[in-house]
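Worksheet for the structure shown next.
A note on names: the letters A, B, ... follow the listed sequences, proteins ahead of strands, and every chain is numbered from 1.
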Amino acid sequence: MVFNSFTFFALLTVAIFVSRAQWTWSARKAVLLALSYLFYAAWNPPFVLVLVFSTVADWHLAKWIFGAKSNARRRRMMVCSLVVNLGLLGYFKYGGFALTSLQQCLASVGVPFAVPEWSVVLPVGISFYTFQTLSYTIDVFRGKTAPWNSFLDYALYVTFFPQLVAGPIVRATDFLPQCEQCRRATREGLRWGALLIGVGLFNKMVIADQMMAPIVEAVYDGPSATLDGLSAWAGTLAFSIQIFCDFAGYSSCAIGSGWCLGFWFPDNFNCPYAAMGFSDFWRRWHISLSTWLRDYLYISLGGNRRSTTRTAVNLMLTMLLGGLWHGAAWTFVAWGGMHAIFLMLERMMRQASGLRRVREAKWAGPAAAVGTYLCVCLTWVFFRAGDFKVAMDILAAMFGCGGGGGVPVLSLTNVGIASLGCVGTLCVHWVTRDMSLAQVVSAIPPWLRVCLGGLMILLVAMSFTGEDRAFIYFQF
Amino acid sequence: MLSSTSNSKLVPADIDLRGLWRRALGLAALGAIAIECLLRTAGHEPSVNDDKVLWSMWRGMASASSKRNTAVIAGSSRALLDIDLTAFEKAAPGWRCIQLAVDGTWPLTTVEELATCDDFRGLVLVDLDGVGLLEEKRDSQARWPQYFSNLFGNLGWVDKCVNHCVVVFLQSTMCLWTRGVGDLVRQHFRLRPSYLQTGIDRQRLAYYRVKMTERELARHRAWRLERRRDEYTEKCRAWAEVEGGVARLATAVRRIQSRGGSVVLVRLPTSDEHLQMDNTEFPRALFWDRLAQTVGCPTVHFQDYRQLASFECPDTSHLDAKDTTAFTERLVQLAPIANALRRSVTTARDHSRPETFAGSH
């Protein structure tokens with residue numbers, strides 16, 4: 001079930017009625033939990049068992065970690081939790097990739113290896129809910145939180161349908177205390193939640209699917225060897241807008257749905273294309289994942305507390321694994337690696353005292369934002385391309401070294417749409433980079449709010465054409 | 001921008017959104033009505049976006065209606081545009097007609113997939129020509145049966161089909177939902193209505209004479225011929241090039257017939273230069289007649305029947321919407337098809353007659 005579907009609206013409506021019903025808080029939580037399992041089962045019912053297994057396993061492991069009498073036993077239980085969660089991920093997501101990579105490795109040294117058939121369906125959202133349950137057990141291990149007493153609350157934390165399949169990755173310390181007190185959908189919560197859902201659907205259905213996706217597909221899914229430079233740039237810029245609007249749109253819908261039900265989720269995006277530097281980018285892009293990687297991987301490896309070389313290694317490992325989390329392909333690893341390189345370059349530039357005057361110049365901010373955006377676009381080439389050959393062909397076309405030059409792949413209209421989308425997004429991000437939603441809304445006159453709201457609803461409604469475009473992050 | 005306020009996790013309480021949604025919805029509704037009126041005035045009509053989900057739902061109906069006489073149309077755009085489903089059902093009372101043809105592809109894989117379905121015992125009308133049996137075209141329709149298998153392979157199809165039913169219903173009632181916002185922007189909001197119209201049952205009609213000017217029709221005709229010329233080899237093809245496809249088709253036909261179903265191959269009309277190219281590459285005596293002898297089922301070639309050959313193809317390959325009803329009525333009354341309909345009914349009755357022998361002594 002996806003957010004841009006009539007069945008989801010039906011489910012959310014039922015959930016809102018449940019939230020406002022005059023039942024006990026426990027009864028309402030139980031029904032919300034049942035609706036969450038129904039939401040997940042709508043995709044493929046048997047895989048609910050994987051979700052249940054992950055939930056039950058980490059519930060018990062956290063209790064055993066907390067109750068362990070010795071440090072050795074605590075560590076063993078923690079390792080069990082890591083094995084269970086990463087094992088699930090490894091089996092469902094990386095099994096085929098590992099076998100194929102092994103075959104390629106052995107083939108390069110002349111050892112033949114026939115890959116056994118590995119047709120395992122990837123359960124939707126597994127990358128998100130395994131990280132979520134893992135954060136719970138790690139927080140208990142570190143003493144940041146005690147294991148929760150109510151299994152109902154914990155199961156709802158893992159399974160809650162607004163954020164189950166594509167985040168935000170919510171921390172137990174943020175969600176579980178909300179379950180202690182009775183929460184009810186209020187009129188204000190419904191109005192603001194509906195606003196976020198509307199903005200999310202507009203981003204996803206109108207901008208990402210209707211405007212940008214056909215441009216991206218024409219460039220990235222067509223023959224890449226003869227691609228012209230203009231189309232390569234337009235396609236990549238279009239993808240940068242598509243992936244932002246698709247994913248941020250999903251997160252908006254998730255957070256808005258949570259507000260409709262009286263729950264708060266952390267922000268996942270904060271104008272990432274207005275970032276001045278890659279460190280700033282990762283404080284604004286997929287915030288729940290970047291903070292997860294920082295807190296549970298980067299800091300565990302030592303963070304920046306060791307030598308410069310060790311810090312660089314920690315950074316590179318974190319970003320490579322962050323890339324691999326996105327998908328079982330070396331292009332995602334390369335994407336992560338490029339981000340690590342840009343982060344290291346940024347550190348070096350920040351430490352260079354000779355650049356201080358440049359950094360303090362008035363134009364430095366916008367220039368840094370544009371420069372960061374263009375570098376991020378170069379990394380998106382690897383993220384979107386199906387393999388390295390396509391990625392290199394597109395990069396070559398972007399820098400004038402490709403085999404193209406004949407008939408352009410994209411029409412001028414499509415190039416114009418991509419350019420306008422890019423400029424528009426950069427401007428909106430720059431203007432609102434330090435503003436909250438409330439500040440943006442209050443800056444808009446009431447009559448304009450109605451017009452924009454009406455236009456948004458109309459365009460979203462017209463975008464229900466039946467075209468089957470799943471959220472991009474569903475595949476992760 | 002941050003969705004939460006800077007210092008609070010609660011929704012912003014100091015901005016009043018009361019009335020915003022009511023007014024915005026009202027404005028959107030007015031906008032929708034205005035756009036719908038504009039589109040209708042410009043000659044647009046509601047049309048369903050045909051896709052694999054819709055195809056799969058009708059394919060599922062073909063299996064589900066196993067207790068009822070079901071005729072399936074398999075083929076390419078010619079079968080989509082030339083055959084009127086309502087006229088078929090009127091001419092063959094008691095029969096349900098389901099459209100499974102797919103534009104731009106050839107039906108061999110669909111016929112093979114129907115052959116593997118034990119629930120299907122009806123009639124398959126296969127629109128076929130020599131091109132569809134060439135190696136590079138045989139599996140051109142494979143993605144549709146594959147999508148059907150994947151979709152109904154797990155219970156997740158309920159969610160997808162429910163959503164699709166709502167979308168298809170909206171598209172069949174209002175023009176607003178046929179063309180997406182992206183399409184409108186890319187075509188610079190040009191409101192020229194399409195000459196094609198598709199219904200919920202995948203019935204597609206081509207209004208060449210009503211919705212195209214003479215100049216547009218001439219250009220469309222030239223484009224159609226250009227497409228055919230791209231594949232044209234200017235010489236007679238060898239039987240060996242289609243032998244593999246014929247063998248696969250014969251196997252599928254035998255399977256359908258063995259459980260009481262029927263298959264009839266139909267060569268639908270083409271005209272002028274299109275027909276000349278077809279006859280050069282696939283001369284009738286060397287292909288269609290040999291196919292009829294090999295495949296083991298009745299065949300209908302439009303040139304054998306004056307009542308079919310007299311129809312005009314405005315674009316050299318498809319009938320105009322005004323001719324589909326008459327064409328379909330005449331097609332269903334032809335002996336090979338009428339006999340196949342009768343045979344399938346008799347066989348269905350035989351399959352449903354209760355076993356009396358065991359209890360008769």
Heavy-atom closest pair (A/F464 atom, B/V167 atom, distance to 0.1 Å) is O-CG1, 3.6 Å
When the 4.5 angstrom heavy-atom criterion is applied to B/L170 and chain A, the contacting part is side chain
With chain B, the option among A/G262, A/C451, A/A41, A/A10 that has the most non-hydrogen atom pairs under 4.5 Å is A/C451
| task | Return yes when atom CH2 of B/W223 has more than 12 non-hydrogen atoms of other residues, nucleotides or ligands closer than 6.0 Å, and no otherwise. | result | yes
Interface check, chain A: of B/V185, B/L27, B/N163, most non-hydrogen pairs under 4.5 Å belong to B/N163
For B/A28 and A/G454 the tightest heavy-atom approach is CB-O, 3.5 Å
So does A/Q181 have more than 12 non-hydrogen atoms from other groups sitting under 6.0 Å from CD?
no
The reported gap from CD1 in B/I35 to CE in A/M462 (rounded to nearest 0.5 angstrom) is 4.5 Å
Output for pair (A/S411 OG, B/R186 CZ), nearest 0.5 Å, gives 8.0 Å
Ranking A/L455, A/D434, A/I457 by heavy-atom pairs under 4.5 Å to chain B gives rank one to A/I457
>> Counting only heavy atoms not in A/E180 (residues, nucleotides, ligands), do more than 12 fall under 6.0 Å from its CD?
In response: yes
Exercise. Please check if the side chain of B/W177 supplies one atom and the backbone of A/A461 the other of a donor-acceptor pair under 3.5 Å.
Key: yes
Applying a strict 4.5 Å limit to non-hydrogen atoms, the region of A/N414 in contact with chain B is side chain
B/R143, CZ: over 12 other non-hydrogen atoms inside 6.0 angstrom = no
Per-residue tally against chain B (heavy atom, under 4.5 Å) across A/V441, A/V199, A/V206, A/I417 peaks at A/I417
ask   = How about B/R229: does its CZ atom have over 12 heavy atoms from other parts shown lying under 6.0 Å from it?
value = yes
| said: Atom CG of residue position A/L448 - does it have more than 12 heavy atoms of other residues, nucleotides or ligands inside 6.0 Å? | reply: yes
Honestly, the part of A/L452 sitting under 4.5 Å from a heavy atom of chain B is neither
Okay, A/L459 and chain B: the region with an atom under 4.5 Å from a heavy atom over there is both
Looking only at B/L30, B/V181, B/L25, the option with the highest number of non-hydrogen pairs under 4.5 Å against chain A is B/V181
Here the gap from B/W21 atom CH2 to A/L190 atom CG, rounded to the nearest 0.5 Å, amounts to 11.5 Å
Cut-off 4.5 Å, heavy atoms of chain B, and the answer for A/I215 is both
Given the options A/L11, A/T7, A/V2, B/D159 meets side-chain contact (heavy atoms from CB on, under 4.5 Å) only with A/T7
